[in-house]
Structure formats: structure tokens, C-alpha cells
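Notes follow the structure.
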Amino acid sequence: MNYPQIPKSWNIESKPHKFCPGCGHGIALKALGMVIDELGIQDKTVFGVDIGCSLLAWDFFNVDTIQTHHGRTTPVITGIKRANPELITIAYMGDGGGYAIGSQHLVNAAARNEKITVILVNNTNYGMTGGQMAPTTLPGQKTETTPYGRDVDETGYPTLGPEMVAAIAREGAYVARGTVANLRQLKGFIKKAIENQMAGNGFSFVEVLSGCPTNWRTNAKETWDFIENTMTQYFKVGELKVPGKGE
Amino acid sequence: MANKPITGEQRVFMTGNEVIAYAAVMAEADIMYGYPITPQNEIMHYWTRLAPKYGKKFLQTEDELSAGFTTIGGVLAGRKAFTATAGPGNTLMQEPMSMAEMMRIPTLLIVQQRGGPSTATVIYSQQEVTMTTYGGNGEGFRIVYSTSSHQDLYDYVIKGFNTAWKYRFPTFILGDGYQAKMREACVMYDPAERGIELVKPTPYMGAPGTPGVDRKPSHMRNTYNTEEELYEVVMNLAKAYEAIIPEVVEFEELNAFEADTVIIAHGVVSRAAKGAVKELLAEGEKKVGYFRPITLRPLAVNELREIAQRAKKLIIAESSYGQLLKQIKEAIYGTDVEIHTILKPGVGITQEEIVAKYHEVK
Ligand SMILES: Cc1ncc(C[n+]2csc(CCOP(=O)(O)OP(=O)(O)O)c2C)c(N)n1
Ligand code: SF4
Ligand SMILES: [Mg+2]
């Protein structure tokens, strides 16, 4: 699992990127960059970034990119795809953007089987706004708005996004959960998701388990431990829906 | 596939919503995104009947946030995209329209005003003036046409797409439930046959070539890091907007620059105002005039000031509690003309009421 080279589709002028040191966003975007290169789709791809730390990626790639509003990347990307189906359209967002403020868009895009790809970074909190509880915050996890730990009786259990999308989406959709701790596998999921869009099969969705050391207040070792061992107790990594293979 | 639904000039008698659907087809709109709300529903109903015949598309979204943001997506893809809404839907539209304003995305939004606040009535009002002109967290860098008839609806939908794509500011057609639902005669035509050239859209995203290789990538953002950076962006927007005002401003008037008493109204109420002034002139009153702002953004500030400096009295009539009034007061600030009003939120205003008001305050 060694990928030293910089993806060709990255915009070198905007590097080093603006994410915090040790942030998972950079790894997720590395996987995406490699997929864009491998599929040779830099000229046809339109990338949409949400408001959240994903907004920092507005000039990340040498790919046409639109920075939208918090939660609204799914409809912007849907609108582009509907108007010009030749384009390969990718919506990139956080767990707050996708599962809270933009959940109606995610649910309905999946229900309509929109031929778009959504990549959602699950870092169990609202990173950009300083570490509040997200729909994905784990039971007992401390955040700025759950300073004594998330109380599931008061605030419910973490949203299982891919499971929800897989339950809504019909045949033709691709749904997976990857992790920044396994770049090769994550890249494979993102590639299948985009290929699924290119084949015109249906909606494709990849959640990415990711770290937010800044708000978690973790060092490198603790960050990886949380992603690999704690998050995966709730969020199972793997493919949930693959066209032709049923569930 | 048929090319156009209208050739030559066709006199029709139909509802405003139907007229709008035809106008959008004749304006070469490519795609409509929409969410049901009365009184604009039939725009979608007629569009979905016409669209497939002319290679055009429709998407029914999950709400107006989505309708607005998908419309933005359609425009980014280089298509003439539009949507329509009313009332609480217009409230939700303000979020996407603020993005369009910041990023100069030429969306077209048709608003068929209904009663407010809240769900109120599905029938009629002029209570969406403030929201449509200055809604969202912005400065009102938008173009808003207030229509008064079915002919206006046809003309200004065609014009609205051109305005949006020429100047690249979000553009609004501000109608109302009466115009939406009533039948009225108007003439539909092929804009080409009247010498109206349709502005061709171009893509913001997905233009030919590989970004970073054959061309620059299109990197569009609405977030800035410092106050100074944002200040520059907004001041540039302001400058661009100010520059187009003289070309965009529209109004209609009758005797307004000679009169002692000028009746001001917009939209459908302007018909009652114009009728009242004609009636009064015919009765022998000489010092009465009529003024109708057609663009509510930008407003005809220079003309309004000129009138206010010359006239003794203004009568402002509108189906709201003073939304146009507020903008006119701001426009004529510093003049000492007397202001009288007929303010009827959510209720129509007749010619007789305006004539009576004139005699009362004369
Ligand atoms: C309508 C709206 N509400 C709230 C915000 C403030 N806001 C900005 S980013 C954000 C949360 C981001 O969290 P997430 O989507 O999980 O992304 P992350 O930063 O964690 O990657 C919020 C609430 C906003 N920009 N717009
Ligand atoms: S706040 Fe968290 S998610 Fe945002 S850039 Fe920093 S580490 Fe990454
Ligand atoms: Mg997050």
C-alpha cells in the first residue's frame, strides 16, 4: 500500500493542501485523484464540494469544480448531470452535509437513482465549525455540543448512511463504505462507484471513514486507532450494494 | 421532433401559467426543475406536456432548495435552466438564489406571488417584493421584472432568459396568482420573427478540453478567507451591477412627469392605476399621472426622484403592507412630496378605489 506519486489530476498550484496535518480528507482525495487518472476522465469530470472542510478542495484538482452550500452539493451535481448527462459528476461532502442538513437531497437522489456519485467523508463530527456532534458521532463520544459524551437516549444513535442509502436505492445502485486506513480498497470502491455512473447504471455512494485529529484532539497513533478500531465497531467497511450482485 | 410550438403570431386566450410554459419553450429553455406549489403548478403541468416534444427536460425535485440548486447545476452545465415557485417556496429559494448572486449564475426564477406570511392563501398578493428583490444574505444583485398581464408574462419570460445570460445576474419574473390562473388574451410569437436574438448559453463546467492541460480549470467558489478578500468580491459585484442599471431599468408612465398627483403601482395593480388615471384625465383632471416600475430591481430611481421633486402628491397602491412603498421612500429620500397609500396585503385593488383615493387626497 504505497502510493508515493502525486495524482496527475491534482492541481499542483494549490498544494500543499489546506487540510490540517493528519486529516483524512487529503487521503480520500488522493484516492479520488488516482481513480480520475486511471479512468482518464479529467476532461469530463465535474466535481462539487460542500461547505464543511470539503470546501477547502475547491481548487484541489485540475477538474472543473463548484463549491456549493452546506448540504446542497447533491442537488447542484444532480442538476448538472440532468442537464448534461455526458459529464461525470461527483459530489463530495461531510457527514453533517450529507446526513443532517442535506439528508433530504441524499435520500431523494438515491430514490430517483440519479446517475451521480456521492463521496461522503465520515469523521464523526462537524470539523469545519469546530467539532460539534454530527449524525455519525459515536455513543459516548465527546464533542463540543456533547461535552459529557453523546447520550443516545437524548440524541439517538449514529446514522448508518450506506445502510440507509442501500435500503432506498434500487437495482443499478452501487453503495460502499471504505476507510482512509485502507487506501487500496477505498480507491477500488471509488472506482467502481464512478464506473457505475459511467455505465449509466444508477446512483453510486461511497462513505469514507476518516479522521479529524484537530477536533478529536488526538495524536497520529490515537487518530488511526480511532478510525481502525473504534469507528469500525459501528461502521462496517465493505460493499453494501453492487449492481448485478444484489445486496 | 417539432421545432417550435409557435410560428408567426398567434392570438391566444389562456392562463398565465400556460403562457409562461410556451414562452419558456420559445426562449429555447432546455430544462425546468420544480416543486409543486400553488399558484405556479400549471407552469410545470404545461411544461411537462410540451417539453418532450421539443427535446426539453424536466425534473421534479424533493423541495425548493433542491429546485433552486438543481437549476444552478443546469446553468453551470451551460443550459438555459429555470424554475418557478411561490410564497413559502420562494422563501426556500432564497438560499440558492444567494449563491447565484454571489457567483453570477444566470438562473431564471418565476414567482407567482400568493398570500403571506406563512402558508396564508394560495390566491394572490404582492407580498413577495422584498424577498424577491433583496432576499437571502446578500445585497440584492438581481434583476426582477414585475409583470402586469399575460402579454407581459410572454414577453418578459423571453426577455428574462436573455437578461440573465447577457448580464449574468439571477433574474426573476415576479407575477402573481391572478396572472397565473386567470385567462386573458395575448399574442404569442416567434422571437426570431420579431428580430429578438436569443442569447446563447455557455458552460461554466465541462467545456471542451482537459482542464490544466488544454485550458484552465473552472474553479468556482463562494467562500473567502478574509474580510478584505470578500470586500473586493462584493465591491466588484456592486460595480458590475451598477454598470448595467441604465440598460436594465424599465418603467411605464402616463403624464407622470407633468402631474401634481402621481399614482404609483406595480404588477397587476398597475392596471387599475393606469385605468384610474385615464378615467380621471377623461373626466377633465389635468394634473394626474401614472408611474409603474417594471424592474423592481434595479428600480428607476432617477425617474422616481424627478417625479417626486416635481409632483405635490404620490399615491402608492399595492397588495402588500408597504413593500413597494418602502423602496420608493428610499428612492425619493430627501424630497418633500406628500405620500398617500392604498395598502391591501393579499387583496386586489380596483380602479374605483384608486379614483376615490385621488378625490379624497386631492
Ligand atoms: C445553511 C448553513 N448552516 C450552517 C452552516 C455552518 N457550517 C459550515 S460547515 C458545517 C459542518 C460541517 O461538517 P461536515 O459536513 O461533517 O464536514 P466536515 O467539516 O466535518 O468535513 C456547518 C454546520 C453553513 N455554512 N450553512
Ligand atoms: S478540522 Fe478536521 S476534518 Fe477539517 S481539515 Fe482539520 S482535521 Fe480535517
Ligand atoms: Mg464531518
Side-chain angles (χ1 to χ4, degrees), chain A residues 8-14 18 40-49 51-52 55-89 91 101-109 111-112 114 116 128, chain B residues 29-33 35 56-81 83 92 95-100 102-103 105 107 136-137 201 203-225:
Chain A
K8 198 167 79 13
S9 52
W10 275 26
N11 173 19
I12 302 304
E13 284 169 34
S14 65
K18 305 165 196 111
I41 54 170
Q42 198 177 331
D43 60 335
K44 285 203 278 298
T45 300
V46 174
F47 188 52
V49 298
I51 299 304
L55 74 83
L56 299 170
W58 71 278
D59 61 351
F60 197 94
F61 296 107
N62 271 333
V63 160
D64 290 349
T65 304
I66 177 79
Q67 186 183 63
T68 78
H69 281 193
H70 188 35
R72 315 301 175 210
T73 310
T74 305
V76 171
I77 286 296
T78 297
I80 293 174
K81 185 71 179 188
R82 287 276 178 160
N84 184 358
E86 307 276 292
L87 298 173
I88 297 157
T89 53
I101 193 166
S103 56
Q104 78 275 36
H105 307 311
L106 179 62
V107 164
N108 284 284
R112 293 193 303 260
E114 294 289 345
I116 65 169
M128 175 57 70
Chain B
D30 298 294
I31 184 162
M32 176 182 188
Y33 305 86
Y35 188 81
K56 300 180 184 304
K57 298 181 195 175
F58 175 75
L59 175 66
Q60 185 168 327
T61 58
E62 58 274 18
D63 57 23
E64 288 84 354
L65 289 164
S66 183
F69 281 105
T70 48
T71 300
I72 286 175
V75 169
L76 292 172
R79 303 290 190 266
K80 281 190 187 173
T83 183
L92 293 187
E95 192 199 333
M97 291 306 110
S98 82
M99 174 167 158
M102 172 62 118
M103 302 171 94
I105 297 169
T107 49
N137 59 335
Y204 289 71
M205 301 268 130
T210 303
V213 180
D214 312 314
R215 63 172 174 88
K216 281 187 140 180
S218 172
H219 285 149
M220 295 177 66
R221 63 165 165 164
N222 57 63
T223 312
Y224 295 91
N225 299 319

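In what follows, every chain begins at residue 1, and chains take the letters A, B, ... in the order their sequences are listed. Since we're looking at a predicted model, the values are computed, not measured.
Across every non-hydrogen atom of A/N62 and B/P217, the tightest pair is OD1-CG, 3.4 Å. The shortest heavy-atom contact between A/W58 and B/H219 is O-CD2, 3.3 Å. Annotation for A/Q42 and B/P211: closest pair NE2-O, 3.1 Å, computed over non-hydrogen atoms. Closest of all the heavy-atom pairs between B/G74 and A/A83 is CA-CB, 3.7 Å.
The backbone N or O of A/Q67 lies less than 3.5 Å from a partner atom in the side chain of B/N222, making a donor-acceptor pair.
Heavy-atom distances place the side chain of A/V46, and not its backbone, under 4.5 Å from chain B. If you measure heavy-atom distances from A/T68 to chain B, the contacts under 4.5 Å come from both the backbone and the side chain. Interface remark: B/D214 contributes no atoms to any contact with chain A (heavy atom separation under 4.5 Å). Contact of A/F47 with chain B is not made at all, since no heavy-atom distance falls under 4.5 Å. Contacts between B/A207 and chain A at a heavy-atom distance below 4.5 Å involve the backbone alone (N, CA, C, O). Contacts between B/M102 and chain A at a heavy-atom distance below 4.5 Å are absent for every atom of the residue. Residue contact with chain B, scored on non-hydrogen atoms closer than 4.5 Å, involves the side chain of A/L87 exclusively. Neither the backbone nor the side chain of A/I12 comes within contact range of chain B; no heavy atoms are under 4.5 Å apart.
Of the listed residues (B/M103, B/K216, B/R215), the greatest number of heavy-atom pairs within a distance under 4.5 Å of chain A belongs to B/R215. The candidate from B/I72, B/V213, B/T210 with the greatest count of non-hydrogen atom pairs under 4.5 Å with chain A is B/T210. With respect to chain A, the highest number of heavy-atom pairs below 4.5 Å among B/D63, B/T71, B/D30 belongs to B/D63. Among A/H69, A/Q104, A/R112, A/E13, the residue with the largest count of heavy-atom pairs under 4.5 Å with chain B is A/H69. When A/T73, A/I88, A/N84, A/I66 are compared by the number of non-hydrogen pairs under 4.5 Å with chain B, A/I66 comes out ahead.
For the atom pair A/H105 NE2 and B/F69 CZ, the distance stands at 7.5 Å (nearest 0.5 Å). Within the model, atoms CG of B/L76 and CG of A/D64 stand 10.0 Å from one another, a figure rounded to the nearest 0.5 Å. If you take CZ on A/R72 and OG1 on B/T70, they are separated by 12.0 Å, rounding to the nearest 0.5 Å. Here B/T61 contributes atom OG1 and A/R82 contributes atom CZ; the two are 10.5 Å apart, rounded to the nearest 0.5 Å. Atom-to-atom distance recorded for B/E62:CD and A/T78:OG1 is 7.5 Å, nearest 0.5 angstrom. With rounding to the nearest 0.5 angstrom, the CZ atom of B/R221 is 12.5 Å from the OG1 atom of A/T65.
For A/K44, the salt bridge (charged side-chain N to carboxylate O under 4.0 Å, His left out) test picks out no residue, with sequence neighbours left out. With sequence neighbours excluded, the residues forming a side-chain contact (heavy atoms from CB on, under 4.5 Å) with B/Q60 are B/P36, B/F58, listed by chain and number.
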